[in-house]
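When reading the values below, keep in mind they use all heavy atoms of this one structure, side chains included, and skip hydrogens, waters and symmetry mates. Sequence positions, counted from 1, serve as the residue numbers for this chain. These numbers were taken from a predicted model, which means no experiment stands behind them.
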Amino acid sequence: MPRTMITSPVQVPKHTQQLEESYQPMLLWHKITLGVVLAIATFFNFFALDKQDYYEYYYAAAIKSMLLSWHNMFFAAFDPAGFLALDKPPLGFWMQVLSARLFGYSVFAISLPGALSGVLAVALIFHLVRRVFGPLAGLLAALVLAISPISVATNRNNIVDGLLILTVLLATWMVCKAAETGHLRWLCLCAVLLGLGFNIKYLQAYMVIPALGLVYWLGGPRQKKIKLYHLAVALGVLLLVSLWWVTIVDLTPTNQRPFIDSITSNSELDLAFGYNGTFRLTADNNVVNYWAWEIGRPGLARFFKQPIAGQSSWLLPLALFSLVALKRPKRRRLPLNRQDQALVLWGTWLFTMLAFFSNAHFFHLYYLSMLAPAIAALVGAGVVMLWQDYRRYGWRGWLLPWALLMTGVAQAHFLAAFPLWGNLLGGGIVICSAIVALARWYRFPHSRAEQRFKHQKGSQTKGHQKTMAASHTSTFKSNWLISEQQLQQVAVVIATLGLLSSLLAPTIWAAISLNPQGRVIPMAGPPAPQTHIPPLIADPVLVNYLLAHKGKAQFLLGTMNTEVASPFIIDTGLGVMALGGYAGDKSFLTREQLIQRIDHGLVRFFLLPQSSDQAASWVISHCRVVPTEQWQSRTTTNFSIDVLPLYDCNNHS
């Protein structure tokens with residue numbers, strides 16, 4: 001079967017070839033452009049990375065704790081004394097620990113794995129799209145992912161979602177090879193990678209399983225019984241790799257490991273499938289109302305409203321039109337070829353994410369980074385196919401103008417709160433789309449006239465008339481060839497401008513997140529008031545007072561939540577007992593257990609607010625309040641604990 005080489009939009013062939021073997025060599029300009037795209041990704045992910053603040057001090061404190069002992073590292077302990085464990089699995093944080101071990105404990109070292117993962121993900125999406133649709137499609141997909149606002153905002157923080165995206169993309173590569181070859185080893189490697197993803201972010205890694213499983217089932221060149229056997233083996237590998245750490249932790253006696261945060265059952269299995277699983281879909285209305293400012297309310301409409309629209313939806317209309325372009329009007333046979341496999345893969349990935357995030361009651365904006373690879377791949381492959389259709393006669397040729405037009409309208413709607421940008425961008429895309437449509441309309445009437453002319457002249461039998469017809473046809477073709485070339489050049493320029501204008505808004509939104517100016521919630525675009533959160537700072541006067549008076553206590557102090565505890569752990573590397581974990585609403589210790597620890601000299605000081613919790617209430621009613629002039633700095637009121645009283649439980653009543 002002949003191969004089709006796509007080196008630029010002008011060189012796209014007139015007739016679609018269904019490619020079973022899709023390898024297309026990289027030309028020099030492809031390699032140069034890829035280098036430019038990777039440079040853009042590197043800039044967005046690494047610019048001023050060392051000058052930003054931690055987003056999650058909770059995770060930063062855990063990295064400090066894990067650096068101090070293997071026990072803390074294995075159990076993902078939040079504090080150096082091993083009282084509390086994180087509410088996430090450990091693998092992503094182990095990568096941050098390794099980075100901090102190599103480069104020293106700093107914001108840059110902890111954020112480095114995520115930023116590096118972002119660049120590698122761009123290179124990987126290029127490879128995945130290029131191997132099926134050619135270098136041009138791969139370059140477009142890589143560029144879209146490189147400037148994806150939510151991806152950039154996510155990769156530049158000490159959260160682990162960037163590592164998860166890279167892991168699931170590697171798993172995608174393995175399942176593509178499994179579907180093409182039918183070899184079990186590639187499917188097992190995919191399962192291993194998904195299992196590692198589970199140990200990075202629990203069930204979030206499993207969100208791609210419908211897409212990956214469907215690709216192998218429909219594309220694998222094996223009999224159904226063999227494919228069922230392969231999928232069963234892969235499922236076993238997936239569960240084994242996913243659950244080994246969870247099983248070890250749950251089998252460890254509770255007095256030999258930290259309390260597990262965010263749940264009351266003290267079980268990692270419950271944490272994985274409960275708080276980090278079903279809770280995301282079933283949280284009550286109080287949770288929905290509290291987080292509505294960030295993620296809106298459940299429903300598909302949240303993708304077309306800010307702030308979600310500004311994070312992930314700029315190119316969503318273009319991705320949906322690309323699905324139509326990739327779905328060729330023909331009868332398909334199993335197993336699917338590479339292009340049909342890619343359509344199933346990225347289409348199922350996209351709709352799975354849209355379904356989940358439309359119905360979820362609780363998630364953070366940076367979870368939407370799971371949507372970015374599917375949009376990038378569909379846009380990259382779809383634009384090439386849309387251009388092919390645009391250059392041929394038929395209704396599908398109108399998809400490109402409509403795709404650009406609807407994308408422009410959607411982006412103008414997203415920018416309604418920013419009138420200047422909305423008017424300029426929306427108007428620019430509408431004009432480009434109109435010119436592309438006019439160029440196509442101008443071309444194909446001539447094409448139809450030529451066909452009618454040839455049909456009429458072909459029915460004439462006289463030699464003179466044949467000669468004259470040939471002469472007229474030759475003249476017509478010569479004139480049409482010039483017009484065709486000119487129109488094609490104009491259409492290439494206009495279509496390119498239309499596509500670039502569609503990329504302008506997400507690029508600006510991503511660029512804004514490069515200068516957070518303090519501690520902010522990961523979010524691209526103009527920051528909302530709620531995204532600015534105060535930095536967590538431990539008063540050095542208080543730290544010195546605690547160090548001078550704690551004696552042989554194992555814990556520097558006790559607090560009600562991890563927010564107050566984190567800066568003390570980061571600054572001192574000493575244990576801080578966060579009684580109520582991340583939420584801080586209920587202590588993990590009963591009143592008697594806390595009294596026992598105080599009497600044994602494990603903890604003496606507490607920074608606590610007024611609380612209805614029994615353990616905290618006992619401290620407040622039985623321990624001495626230390627006068628603020630003895631421990632509070634007099635030069636500033638910016639410390640995160642200024643409003644909290646300090647309790648000394650030495651010789652408590």
Side-chain angles (χ1 to χ4, degrees), residues 56-98 100-101 105 110 158 199 244-272 275 538 546-547 550-584 586-590 592-607 615 649:
E56 274 290 4
Y57 279 71
Y58 178 55
Y59 297 151
I63 301 303
K64 171 76 80 170
S65 301
M66 286 188 268
L67 283 167
L68 298 177
S69 76
W70 289 105
H71 180 274
N72 288 344
M73 182 171 177
F74 182 81
F75 290 105
F78 162 74
D79 61 286
F83 174 78
L84 187 70
L86 294 177
D87 61 3
K88 296 292 184 292
L91 183 57
F93 301 108
W94 288 349
M95 298 299 103
Q96 295 182 6
V97 170
L98 177 60
R101 184 76 69 183
Y105 183 86
I110 294 177
N158 61 331
N199 284 284
W244 71 272
W245 182 81
V246 169
T247 303
I248 293 176
V249 172
D250 280 0
L251 292 178
T252 302
T254 55
N255 61 352
Q256 298 179 20
R257 60 174 173 84
F259 289 99
I260 299 172
D261 199 3
S262 298
I263 56 171
T264 58
S265 62
N266 205 11
S267 166
E268 284 288 348
L269 193 64
D270 184 24
L271 179 68
Y275 175 74
L546 294 173
L547 291 173
K550 80 179 187 69
K552 297 182 179 180
Q554 182 181 6
F555 293 90
L556 182 68
L557 78 161
T559 67
M560 199 60 202
N561 59 45
T562 59
E563 183 177 15
V564 176
S566 296
F568 293 96
I569 296 173
I570 293 172
D571 289 353
T572 68
L574 297 176
V576 178
M577 183 183 292
L579 292 172
Y582 189 86
K586 183 178 181 181
S587 174
F588 288 99
L589 299 177
T590 65
E592 290 72 21
Q593 289 172 332
L594 180 59
I595 295 173
Q596 184 180 33
R597 283 166 169 76
I598 294 173
D599 290 341
H600 289 173
L602 297 180
V603 59
R604 173 178 173 178
F605 293 100
F606 291 87
L607 274 171
C649 292

What's the shortest heavy-atom distance between L269 and V246, and which atoms?
-> N-CG1, 3.6 Å
What are the two closest heavy atoms between V564 and T559, and how far apart are they?
-> CG1-CG2, 3.6 Å
Closest non-hydrogen atoms of G573 and L68, given as atom of the first, atom of the second and distance, are O-CD1, 3.3 Å
Rounding to 0.5 Å, atoms CD1 (I63) and CD1 (I110) come to a distance of 5.5 Å
Rounded distance (nearest 0.5 Å) linking atom NZ of K64 with atom OH of Y57 = 13.0 Å
Which residues pass the side chain to side chain donor-acceptor pair (under 3.5 Å) test with Q96, sequence neighbours left out?
-> none
Taking all non-hydrogen atoms of both residues, which atom of M73 and which atom of W94 are closest, and how far apart?
-> O-NE1, 2.7 Å
Between N72 and A77, is there a donor-acceptor pair closer than 3.5 Å when you use the side chain of the first and the backbone of the second?
-> no
Check side chain to side chain donor-acceptor pair (under 3.5 Å) between R597 and all other residues, then give those that pass, not counting sequence neighbours.
-> none
Would F605 and L556 count as a side-chain contact (heavy atoms from CB on, under 4.5 Å) if you check the C-alpha gap in whole Å, the side-chain angles of each, and the deciding distance to 0.1 Å?
-> CA-CA 7 Å; F605 293 100; L556 182 68; over 6 Å; no
With sequence neighbours excluded, give me every side chain to side chain donor-acceptor pair (under 3.5 Å) pair touching residues 571-580.
-> none
Could you tell me whether the side chain of L574 reaches within less than 4.5 Å of the side chain of L546, counting heavy atoms only?
-> no
Contacts of D261 that satisfy side chain to side chain donor-acceptor pair (under 3.5 Å) - sequence neighbours left out = Y58
Of the non-hydrogen atoms in I570 and A60, which two are nearest, and what is the gap between them?
-> CD1-CB, 3.8 Å
Under the ring pair (Phe, Tyr, Trp, His ring centres under 6.0 Å) rule, collect the residues that match up with F606, sequence neighbours excluded.
-> none
Sorted by chain and residue number, the side chain to side chain donor-acceptor pair (under 3.5 Å) partners of Y275 (sequence neighbours excluded) come out as none
Residues forming a side-chain contact (heavy atoms from CB on, under 4.5 Å) with A85, sequence neighbours excluded | P258
Distance (rounded to the nearest 0.5 Å) between D250 CG and W245 CH2 | 8.5 Å
State which residues pass side-chain contact (heavy atoms from CB on, under 4.5 Å) with D599; sequence neighbours excluded, sorted by chain then number.
-> I595, H652
Sequence neighbours excluded, which residues qualify as ring pair (Phe, Tyr, Trp, His ring centres under 6.0 Å) partners of Y105?
-> none
Distance-only, no hydrogens or angles: does the Q593 side chain make a donor-acceptor pair with backbone N or O of T590 under 3.5 Å?
-> yes
Mind telling me whether F83 and F588 have parallel, tilted or perpendicular rings, with 30° and 60° as the class edges?
-> perpendicular
Could you walk me through whether L607 and F568 pass side-chain contact (heavy atoms from CB on, under 4.5 Å), step by step?
-> CA-CA 12 Å; L607 274 171; F568 293 96; 4.0 Å; yes
Closest approach of N199 to P89 (non-hydrogen atoms, all atoms of both residues) | O-CB, 3.2 Å
State whether the side chain of S69 and the backbone N or O of S65 hold a donor-acceptor pair below 3.5 Å, judged by distance alone.
-> no
Can you tell me how far the CD1 atom of I598 sits from the CZ atom of F555, to the nearest 0.5 Å?
-> 11.5 Å
By side-chain contact (heavy atoms from CB on, under 4.5 Å), I248 pairs with (sequence neighbours left out) F74, W244, T252
Should M577 and L589 count as side-chain neighbours, where that means a heavy-atom distance under 4.5 Å?
-> yes
Heavy-atom count around K586 NZ within 6.0 Å, excluding the residue itself: above 12?
-> no
Output for pair (F75 CZ, L84 CG), nearest 0.5 Å, gives 13.5 Å
Quick one: pull up CZ in R257 and CG in N266 and give me the separation to the nearest 0.5 Å.
-> 4.5 Å
Hey, are the side chains of L67 and R101 touching, using non-hydrogen atoms and a 4.5 Å cut-off?
-> yes
Who are the side-chain contact (heavy atoms from CB on, under 4.5 Å) partners of Q596, not counting sequence neighbours?
-> H600
